Amino acid sequence: MPVSEVTAQDESFAETYLKKFFNLTEESGPSVRRGISPVSKKLSEMQKFFGLQITGTLDSDTLAVMKKPRCGVPDGTVAR
Amino acid sequence: FSTFENNLKWQKNSLTYRIENYTPDMSMSEVDDSIEKALQVWAKVTPLRFTRLYSGTADIMISFGGRAHGDHYPFDGPGSTLAHAFSPGPGIGGDAHFDEDETFTLRSRKGFVLFMVAAHEFGHSLGLSHSDDRSALMYPVYTYKNPDTFVLPQDDVKGIQSLYGPNPVKNPFVAEPQPPPTPDACDSTIVLDAVTTLQGEMLFFKDSFFWRSTPSSRTPQQSLITNLWPKAPVSIDAAYESQQPGKIFLFKRQHVWAFTGSDLVPGYPKSLTSVGLPRGVKNIDAALYDVDSGKTLFFVGNSYFSYDDARKTMDNGFPKRLDQTFSGLPGKVTAAFQYRGFTYLYSGPHMFEYNLKTGRLYRVLRNNYFLHC
């Protein structure tokens, strides 16, 4: 419930979470300068799955869900 | 619910399992019982049958391990990932691994109930992927549930039966428990258990769930009550926001719980007499805190009480009959709250908008008016 600031450490944690559970891949080659960033896209995907407000940005509600204990199988995608 | 790609499933109904090792957190018999019970969750609603092996390779190999444990998907230490399982298939397919760095328990809230974690993982072993239904066993986030009263939710039953069909063997002498349905906020006939504000948000309670409506979002978020308040009761009678920031009171039968944030306030739950209600009151129907007068109103049957928060006493002249103050109410109040100076009283599927000072009724609305359906 209390709103707290999102720190750089939280952002790094969120990126690891998205890589692990929402198939966020490292960008390689020339970086894309325009359009929605892959992190924002995956955040939106995650927020949609968990019924959170879809903002595409890391907020305290999203972070709280990421920090909950959970199953290790990726969400919404199929791990072969 | 969702299944894996191509509806991956076992091509046989008789499956074997083997417990390769044990966690030191529980006795061996507790682990055996938890695993057996978790498999039976799925066997009860499908034609699937499970046989335990004590050696060799079983379809579902079950093990406890920490960090790197031989499958290229290392665990991450305490917290976060609790376990994982592989979809049906030969070799590692169907196998379930539990993170030994977690503390597993038989039924305690301190630690993770092995039965709940295992039942979820075996869902993967049998072909179910994650569900976005928060009440589902296959929802990816761990939620405490009492294993003794657990009933497989409807979403999971539909999911597993889409792969294997229903259980052909039913005992006609045993009534099967009904899976708990997930309430629909947009059902115009829904009768809410309680409604309250909390730090600018509106909370709507029904059964084990609540919807949270924030000023910035038109779509209410559904959540399990115990996700936000792990020590709270479900199917509550009433709720109201205290004048103290972030504090909420939840009522069920003869008790009241107070929470600050997610934490239960020490000393709670207390009896209804602690808020000044007479001993004869067995439960309340609704409650609200009136900001202007500093009074808390408790609705009980066809009457209501007024409690003075400053003096900590019930006001004289109460209980009063509802129709002495609120005209047009068809029956008892089922939920109540104040918002932007108006008092909203719910009675069945309708909501009545009042001016509390004058008792004037402004509008009669559907109960999902604030749920933006």
Side-chain angles (χ1 to χ4, degrees), chain A residues 1-26 36 38-80, chain B residues 2-6 8 73-76 78-87 89 97-99 102 112 117 120-121 123-124 128-134 138-144 198-199 201 211-212 214 216-223 227-229 245-246 248 259-263:
Chain A
M1 301 297 286
V3 178
S4 55
E5 292 293 316
V6 172
T7 64
Q9 202 182 352
D10 292 333
E11 280 174 3
S12 163
F13 167 80
E15 213 167 302
T16 307
Y17 181 96
L18 293 173
K19 280 178 190 165
K20 203 167 166 184
F21 298 117
F22 283 85
N23 199 26
L24 172 67
T25 48
E26 296 274 4
I36 305 163
V39 172
S40 180
K41 200 175 156 196
K42 287 294 173 185
L43 266 174
S44 300
E45 204 179 298
M46 182 238 162
Q47 288 164 336
K48 186 180 176 199
F49 181 88
F50 285 102
L52 297 162
Q53 196 182 343
I54 302 166
T55 59
T57 55
L58 187 61
D59 50 45
S60 55
D61 283 349
T62 307
L63 200 54
V65 171
M66 287 179 171
K67 288 185 174 173
K68 286 182 177 175
R70 55 160 294 150
C71 169
V73 176
D75 301 314
T77 54
V78 179
R80 288 182 180 279
Chain B
S2 71
T3 55
F4 292 108
E5 211 169 278
N6 301 325
L8 211 53
Y73 297 97
F75 283 128
D76 50 10
S80 197
T81 301
L82 309 179
H84 57 219
F86 295 84
S87 54
H97 301 161
F98 298 87
D99 185 354
E102 313 301 342
F112 300 105
V117 180
H120 174 103
E121 296 309 328
H124 293 313
L128 289 181
S129 190
H130 282 151
S131 170
D132 59 6
D133 182 333
R134 286 170 192 234
M138 294 313 294
Y139 190 65
V141 174
Y142 174 85
T143 305
Y144 172 84
L198 184 60
Q199 295 189 301
E201 298 182 354
W211 294 277
R212 181 177 174 184
T214 61
S216 59
S217 170
R218 282 186 64 81
T219 311
Q221 296 165 23
Q222 189 187 54
S223 183
N227 276 358
L228 186 52
W229 301 286
I248 189 174
F259 292 91
T260 305
S262 291
D263 301 323

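Side-chain atoms are counted along with the backbone in the values below, which use heavy atoms only and exclude waters and symmetry mates. Naming: A, B, ... by sequence-line order, numbering from 1 per chain. Keep in mind that this is a model prediction, so the values were computed, not measured.
Proximity to chain A is limited to the side chain of B/Tyr139, based on heavy atoms less than 4.5 angstrom apart. Residue B/Gln222: no heavy atom, backbone or side chain, is found under 4.5 Å from chain A. At a 4.5 Å heavy-atom cutoff, B/Phe75 makes no contact with chain A through either its backbone or its side chain.
For B/Ser131, the side-chain hydrogen bond (donor to acceptor under 3.5 Å, both in side chains) test picks out B/Asp155, with sequence neighbours left out. The side-chain hydrogen bond (donor to acceptor under 3.5 Å, both in side chains) search around B/Asp76 returns A/Lys20, B/Ser80, B/Thr81, not counting sequence neighbours.
Counting heavy-atom pairs closer than 4.5 Å to chain A, the top residue among B/Leu82, B/Asp99, B/Leu8 is B/Leu82.
A/Asp10 and A/Thr7 form a side-chain donor-acceptor contact under 3.5 Å, judged by distance and modelled atom types alone.
Ring orientation note: the planes of B/His120 and B/His130 are tilted relative to one another, at an angle of 30° to 60°.
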